[in-house]
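The analysis underlying the following values was restricted to heavy atoms, covering all of them including side chains, and did not include hydrogens, waters or symmetry mates. Since this is a predicted model, take the numbers as computed values, not measurements.
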Amino acid sequence: MGENNMEIMFIALVIIVAIFVFYKPRRERSKLRNYMSNTYRNKQKGDEYELQIGRLYQQQGYKVYFKGINEGKRDNGVDLIAYKGNEVALIQCKNWENTQVKQEHLRIFLGDCTAYLEKNRKIFAKKNVSRVFVTSCKNIDYGVKKFLEENSVGYRVIPYDKVSLH
C-alpha cells in the first residue's frame, strides 16, 4: 500500500474509533480501544520484523521487495521477495514469540507460494526459487519437523531485535 492509502486508512480508523467512543457504553468503548490498540501494535510489530528480516537478506547481497509492507493484506502470504542473481526466495515472516508454529501454517505458506508462482510463471520460469518461513518462535513441534523433512520449505528461527530497527 502507498503512503497515501495508509494515511487514508488511518484517518478512517480514527473516525470509526471516535464514533464508537461517543456512541457506545463505557465498557464497549474500553473493549474497542483495547482491540484497536492491540491490532495496531501487532501490525507494527509484524512490519518491524519484516524490515529486520529484509535487512538481513540485504546484508547477504539480496535485493529485497517488501511485499507485505507495500501490499498489506494483498501480499497473498508472501511477505518478502529476495533476489540475488538467479536465486529468488519467497519469504513469510511471523513474529510469534509466544505462538508456536504449526504444520498448518507451513501448509498454507507452501500453498500461497505455489499459487503466487503459478500466477507469475513467466517471471520465475528460469529462476531457482526457494520458500522460506521465518519466525521468532523457538518452539517447534513434531508435525512441523516432519513437514519440513517431507517438503521443500526453508525454516529459520530469527529472534525479533527491536533495538536494531531504531
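The SG atom of Cys113 sits 12.0 Å away from the CD1 atom of Ile108 when rounded to the nearest 0.5 Å. The distance from the CG atom of Asn151 to the CZ atom of Arg131 is 10.0 Å, given to the nearest 0.5 Å. To the nearest 0.5 angstrom, Ile158 atom CD1 is 7.0 Å from Gln52 atom CD. Note that CZ of Arg74 and CG of Asn76 are 9.5 Å apart. Values are rounded to the nearest 0.5 Å.
For residues 68-97, the pairs satisfying ring pair (Phe, Tyr, Trp, His ring centres under 6.0 Å) are Trp96-His105, with sequence neighbours left out.
Residues Ile140 and Tyr155 approach most closely at CD1-CE2, 3.9 Å, considering heavy atoms. Closest of all the heavy-atom pairs between Gln60 and Lys84 is O-NZ, 2.9 Å. Smallest separation of non-hydrogen atoms from Val64 and Ala82: CG2-CB, 4.2 Å. Closest non-hydrogen pair, Glu50 versus Phe66, comes out as O-CE2, 3.7 Å. Considering every non-hydrogen atom in both Asp47 and Ile69, the closest pair reads O-CD1, 3.6 Å.
At a threshold of 4.5 Å between non-hydrogen side-chain atoms, the residues Leu106 and Leu110 do not count as touching. Residues Ile91 and Ile81 form no side-chain contact, since every pair of their non-hydrogen atoms from C-beta on lies 4.5 Å or further apart. No side-chain heavy atom of Leu80 sits under 4.5 Å from any side-chain heavy atom of Tyr65. Side-chain contact between Gln58 and Arg55: present, with at least one pair of heavy atoms (C-beta onward) separated by less than 4.5 Å. Two residues are said to be in side-chain contact when any heavy atoms from C-beta on lie closer than 4.5 Å; Asp79 and Lys67 fail this criterion.
Put simply, the side chain of Gln100 never gets that close to the backbone of Cys137: no donor and acceptor are under 3.5 Å apart. With hydrogens and angles ignored, the 3.5 Å screen pairs no side-chain donor or acceptor of Asp75 with any backbone N or O of Glu71.
Crowding of Glu87 atom CD: a count of heavy atoms from other residues, nucleotides or ligands under 6.0 Å exceeding 12.
Note on Val78: it clusters hydrophobically with Leu117, by side-chain heavy-atom contacts below 4.5 Å among ILVMFWY residues. Val132 and Phe109 are not part of a single hydrophobic cluster, where members link through side-chain heavy atoms under 4.5 Å apart. At a threshold of 4.5 Å between side-chain heavy atoms, the hydrophobic network of Ile, Leu, Val, Met, Phe, Trp and Tyr places Val157 and Ile53 in two separate groups.
Tyr62 and Tyr57 have perpendicular rings, their planes meeting at more than 60° on a 0 to 90° scale where under 30° would count as parallel.
For Asn95, the side-chain contact (heavy atoms from CB on, under 4.5 Å) test picks out Lys45, Tyr49, Glu97, Ser136, Tyr160, with sequence neighbours left out.
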